[in-house]
Student: 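For reference, the structure I am asking about is given below.
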Amino acid sequence: MKRIPRPVLRALEALAQSPINTSALAMAEGQGFAHDTLYRALGQPLAFFFELSLKLCRDLGGLDRGYLILDDVFIQRYRSGRLGLRKMRDTATGGWAYGLSLVVLAWTDGKRRIPLAFLPYFGEEESKLDLALALLEWAKEAGFRPEGVLFDAWYAARQVLEWLHVHGWPFVTRLRSNRVLDGVQLRRHGGTRWVKTGRLRGLTFAVGVLKRGGKFYGTDREGWWDSGMREVYRMRQAIEEIFRGLQQELGWTGHRHWRRGKLLAHLALGLVAYGLIERQREGLGLSFYGCRRRLIAGKLSLDLSPLLPVQVEAA
């Protein structure tokens, strides 16, 4: 693994401990670090930050257990500016605004959460499904063997489901009511609570489908062909908690960068900081937000020890 430059370690401390962390200047204020040092940390490629998050997950035994979660989040800016952003639809609000989307891959074991990697979607390149498949390929090459992969109905496309089934990665997903099971749309199968097995149109393998409360869930794992698949799917909520922490605490909103590379590196730095805080708060018996408050108040310093075995390069 590439050695960690000291500016990156300093930037992680500043990001986790600063009350305002939307730019290198804001992060440096009150932290005793030069803003130029922190800005240099944003010169690293995205893959470098993802390797740090991967190490945090690997140390938890996350390659052989737990669940991977796929989702996307909208990163808004107030105008197109030098980033050359387009107006895109925010799926959370239904409104249109300038910004970009991030297709994100995260890990959870039901108690701990580690955001792993993301790929940006500016509306001018591959589809989000292509980016999701690229993230799954990255996870496969990294050595993950998850107990399951969780995602909402948007990512339940044929190419994603087929990829997962071919590679032996079980999935649980929400399904839209117009998906066709054995020649009939799910909403026309009748009844309010049921579990059925069959073929979704376009797939080469059988799935189990659960209907509960007007919602439909699907999985290819026979052991989950009952109401238990909904319990597994509930662990997908971990990605919502991750997004909330990144947006509210780690600079994913209000950022001021006007170069795409610097902006993406700032967001990727947040992934690593989130994983470090998650590791630290567990050992202290704190919530993520409780740990972050203590870091801001100076009652704690960010614990960098999970990364320190990696040889550190001089600034």
Side-chain angles (χ1 to χ4, degrees), residues 57 62-72 91 103-110 116-119 121 126-239:
C57 188
L63 297 189
D64 299 311
R65 57 188 296 271
Y67 299 84
L68 293 175
I69 309 172
L70 268 174
D71 204 352
D72 59 84
T91 55
V103 181
V104 181
L105 185 69
W107 172 88
T108 185
D109 62 359
L116 295 168
F118 64 75
L119 289 174
Y121 176 71
E126 306 102 323
S127 72
K128 292 182 184 179
L129 291 177
D130 292 328
L131 300 179
L133 286 169
L135 287 171
L136 291 172
E137 287 283 359
W138 174 84
K140 176 177 171 290
E141 292 176 5
F144 277 96
R145 293 179 291 274
E147 297 173 58
V149 184
L150 315 177
F151 42 90
D152 64 18
W154 202 94
Y155 289 98
R158 179 191 59 79
Q159 56 265 48
V160 173
L161 300 184
E162 287 283 355
W163 189 99
L164 292 168
H165 188 73
V166 166
H167 289 87
W169 289 11
F171 61 81
V172 179
T173 178
R174 282 281 303 276
L175 295 169
R176 293 192 175 99
S177 63
N178 62 354
R179 291 294 290 264
V180 176
L181 178 70
D182 290 339
V184 180
Q185 288 186 343
L186 293 177
R187 63 190 173 198
R188 300 188 183 280
H189 272 261
T192 57
R193 297 166 62 90
W194 47 257
V195 178
K196 297 182 179 182
T197 61
R199 294 285 182 89
L200 289 174
R201 178 179 290 173
L203 298 186
T204 60
F205 56 89
V207 298
V209 178
L210 167 73
K211 181 180 181 182
R212 286 292 186 276
K215 297 178 181 179
F216 300 92
Y217 307 84
T219 182
D220 66 336
R221 182 170 175 177
E222 293 187 23
W224 293 338
W225 284 0
D226 54 32
S227 59
M229 79 174 81
R230 187 170 64 161
E231 299 304 314
V232 174
Y233 183 80
R234 283 177 178 168
M235 281 189 280
R236 182 191 161 276
Q237 179 64 27
I239 195 99

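What's counted below: heavy atoms across the whole structure, side chains too, no hydrogens, waters or symmetry copies. Owing to the predicted nature of the structure, the values given are computational and were not obtained by experimental measurement. The residues of the chain are indexed from 1 along the displayed sequence.
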Student: Drop me the distance from M229's CE to D220's CG, to the nearest 0.5 angstrom.
Tutor: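 Rounded to the nearest 0.5 Å, the CE-CG separation comes out at 10.0 Å.
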Student: Quick one: closest heavy-atom pair of L63 and A142, and the distance?
Tutor: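 It is CD1-O, 3.8 Å.
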Student: Compare all side-chain heavy atoms of L150 with those of I239 and state whether any distance is below 4.5 angstrom.
Tutor: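 L150 does not reach I239 side chain to side chain.
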Student: Test side chain to side chain contact (heavy atoms under 4.5 Å, CB included) on V232 and Y67; report intermediate values, then the result.
Tutor: CA-CA 9 Å; V232 174; Y67 299 84; 3.8 Å; yes
Student: Check whether W194 reaches the backbone of V209 with its side chain - one donor and one acceptor, N or O, closer than 3.5 Å.
Tutor: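 Checking the backbone N and O of V209 against the side chain of W194, no donor-acceptor pair under 3.5 Å is found.
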Student: With a 3.5 Å distance limit and no angle check, can you tell me whether K211 reaches the backbone of G191 through a side-chain donor-acceptor pair?
Tutor: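 Yes.
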Student: What's the shortest heavy-atom distance between A156 and T173, and which atoms?
Tutor: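 That closest heavy-atom pairing would be CB-OG1, 3.4 Å.
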Student: Does the plane of the ring in F171 sit parallel, tilted or perpendicular to the ring in F151? Use 30° and 60° as the thresholds.
Tutor: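 Taking F151 first and then F171, their aromatic rings sit tilted (interplane angle of 30° to 60°).
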Student: Rounded to the nearest 0.5 Å, what separation is found between the CG atom of D64 and the CZ atom of R145?
Tutor: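 It comes to 4.0 Å.
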Student: For the residue pair L175 and L186, establish whether any side-chain heavy-atom pair is separated by less than 4.5 Å.
Tutor: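 Yes. Closest side-chain heavy atoms under 4.5 Å.
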Student: Is there side-chain contact between V207 and Y217, with heavy atoms separated by less than 4.5 Å?
Tutor: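 No, their side chains stay 4.5 Å or more apart.
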Student: Find out whether R179 and R201 are in side-chain contact, i.e. whether some heavy atom of one side chain is under 4.5 Å from a heavy atom of the other.
Tutor: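 A side-chain contact under 4.5 Å is absent here.
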Student: Within the distance-only criterion (no hydrogens, no angle test), does the side chain of W107 pair as donor or acceptor with the backbone N or O of R65 below 3.5 angstrom?
Tutor: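 Yes, because the side chain of W107 sits within donor-acceptor range (under 3.5 Å) of the backbone of R65.
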Student: I'd like to check L136 versus L164 (side-chain heavy atoms, cut-off strictly below 4.5 Å). Are they in contact?
Tutor: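 Yes; the side chains approach each other to less than 4.5 Å.
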Student: Give me the atom names and distance for the closest heavy-atom approach of S177 to F216.
Tutor: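 That closest heavy-atom pairing would be CB-CE1, 3.7 Å.
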Student: Kindly determine whether R199 and D182 satisfy side chain to side chain contact (heavy atoms under 4.5 Å, CB included), including the steps that lead there.
Tutor: CA-CA 5 Å; R199 294 285 182 89; D182 290 339; 4.0 Å; yes
Student: Please work out which of the three classes, parallel, tilted or perpendicular, describes the rings of W163 and W169, given edges at 30° and 60°.
Tutor: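 Perpendicular, since the angle between the ring planes exceeds 60°.
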Student: Could you measure the distance from the OG atom of S127 to the CG atom of L133? Nearest 0.5 Å is fine.
Tutor: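 Separation between the atoms: 8.0 Å.
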Student: Closest approach of L105 and A139, non-hydrogen atoms and distance?
Tutor: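 Taking L105 first and A139 second, the nearest heavy atoms are CD2-CB, 3.8 Å.
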Student: Restricting to non-hydrogen atoms, name the atom on E147 and the atom on P170 that form the minimum distance, rounded to 0.1 Å.
Tutor: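 Shortest heavy-atom separation between E147 and P170 comes out as O-CG, 3.6 Å.
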Student: Give me the ring orientation class for H165 and F205: parallel if the planes are under 30° apart, tilted from 30 to 60°, perpendicular past 60°.
Tutor: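 H165 vs F205 ring planes: parallel.
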Student: With side chain to side chain contact (heavy atoms under 4.5 Å, CB included) as the test, would you mind laying out the steps for I69 and T108 before giving the verdict?
Tutor: CA-CA 8 Å; I69 309 172; T108 185; 3.7 Å; yes
Student: Between atom NZ of K128 and atom CG of L119, what is the distance when rounded to the nearest 0.5 Å?
Tutor: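 Separation between the atoms: 12.5 Å.
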Student: More than 12 foreign heavy atoms under 6.0 Å from CZ of R158: is that the case here?
Tutor: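 Atom CZ in R158 is not crowded, with 12 or fewer foreign heavy atoms closer than 6.0 Å.
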Student: At their closest point, which heavy atom of L135 faces which heavy atom of L70, and how far apart are they?
Tutor: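 Heavy-atom minimum between the residues: CD1-CD2, 4.3 Å.
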Student: Just how far is it from atom CZ of R187 to atom CZ of R176, taken to the nearest 0.5 Å?
Tutor: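 Spacing of CZ (R187) from CZ (R176) equals 12.0 Å.
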Student: Among Y121, Y155, W154, find the one that has a side-chain hydrogen bond (donor to acceptor under 3.5 Å, both in side chains) with D72.
Tutor: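 Exactly one option meets the side-chain hydrogen bond (donor to acceptor under 3.5 Å, both in side chains) with D72, and it is Y155.
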Student: Are side-chain N/O atoms of K196 and H189 paired as donor and acceptor at under 3.5 Å?
Tutor: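 Per modelled atom types, K196 and H189 side chains form a pair under 3.5 Å.
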Student: Could you walk me through whether V104 and D71 pass the side chain to side chain contact (heavy atoms under 4.5 Å, CB included) check?
Tutor: CA-CA 5 Å; V104 181; D71 204 352; 5.7 Å; no
